[in-house]
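So you know, we letter chains A, B, ... as the sequences are listed, proteins then strands, and number each from 1.
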Protein chains: 2
Amino acid sequence: MSCSKILQEKGYRLTPQRIMVLDALHSVDQHISAEEIFEKVRARYSYANISTIYRTLELLKELGLVSEIDLGDGRIRYHSAEKGHHHHLICSKCGNVIDLEEHILFPLKEILLNDYEFEADLKHLAIFGLCENCRNVK
Amino acid sequence: MSCSKILQEKGYRLTPQRIMVLDALHSVDQHISAEEIFEKVRARYSYANISTIYRTLELLKELGLVSEIDLGDGRIRYHSAEKGHHHHLICSKCGNVIDLEEHILFPLKEILLNDYEFEADLKHLAIFGLCENCRNVK
DNA sequence: TTAAATGCAAACGCTTTGCAATTGA
DNA sequence: TCAATTGCAAAGCGTTTGCATTTAA
């Protein structure tokens, strides 16, 4: 079911601003920051306001329609839940981001559940380190 | 070798402020925020200034003497490198932090190195999710 | 019609920076 | 002595909030 439908079913209003935030989220494959969403929305509707963007993202987060990730640059990034989970290897030196398939972390998830009774929310994990290039340059 | 010695050897001045920041870092077992370090330092020297704390932490980070972790509450926390590595399971609901032994992530580190040529810096990883209590309450 | 949502402006919390004064080596 | 370091104040940045106005249902 579409995000718009879910919002309406839960009794939230489907405002143009919310639609445009959802469009922005769906228009990219990677994660996108609030500021970037704001730019995309503002290109279509110049009166757009960043606090509405944040409030919409907060709502979508509560409903589980988007997930957050911190790529270490001091701003939160967002990703439509519909697009599935994946993880990121972030090079501390060059900033390059390598996507990691979800299943890589399944064994870890198992261990945490069995040994620690901890249900890890491994939707979009960020792992920092050195990428192939930067390891060799070093 | 002690942090103080390392600072001096590298040609950095061993100021009272830097000594007090190191003391603060060594006085706790867990991670500590810049603000908390500031409070500890200020208790000893009331003219202490938070920008000096940040500048000292920046320096210690560059020298690899402290590592950072983001526990998801919007502030960076610091930990003396001397105290070794460990990881954290953070409950998204109650905020409880469970320490995780370092070796749990060795297999993952291996895979990332072999399959992705990525040298993961798994010093202090933060994994979010639900702790035992909160899973059951839900 | 009316509670929910928005726009605006201001505040917030953590962190960084410019600059003059101080100080460790 | 003198470059490195500090203190101070102010700014920077991403994010949140209070409140009057607008609007989807």
Open item on the list: Check B:Glu58 with B:Arg55, please: is the shortest side-chain N to carboxylate O separation under 4.0 Å?
Closed with: no
Task: Check ion pair A:Arg135-A:Glu132 (N to O, under 4.0 angstrom) - done: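 Not counted as a salt bridge, because no side-chain N and carboxylate O are separated by less than 4.0 Å.
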Think [X] has a side-chain N or O under 4.0 angstrom from the OP1 or OP2 of [N]?
{"X": "B:Gln17", "N": "C:dG24", "answer": "no"}
{"X": "B:Ser51", "N": "D:dG7", "answer": "no"}
{"X": "B:Thr15", "N": "C:dG24", "answer": "no"}
{"X": "A:Tyr45", "N": "C:dG7", "answer": "yes"}
{"X": "A:Tyr54", "N": "D:dT15", "answer": "yes"}

- [ ] Could you tell me whether the side chain of A:His79 and the main chain of A:His31 form a donor-acceptor pair under 3.5 Å?
- [x] no
Open item on the list: Checking the side chain of B:Lys83 only, and the main-chain atoms of B:Val28 only, is there a donor and an acceptor separated by less than 3.5 Å?
Closed with: yes
Check nucleotides 20-23 of chain D for protein N or O atoms closer than 3.5 Å to its own N or O atoms and list the pairs.
from   : atom 1 : to      : atom 2 : distance (Å)
D:dT23 : O2     : A:Arg13 : NH1    : 2.9

Task: Whole angstrom value for the distance that separates P of C:dA5 from CD of A:Glu58 - done: 13 Å
Task: Pair of N/O donor and acceptor under 3.5 Å linking C:dG24 base with B:Arg18 side chain - done: no
Task: Whichever of B:Ile76 and A:Thr56 has its nearest DNA chain C nucleotide further upstream toward 5' - done: A:Thr56
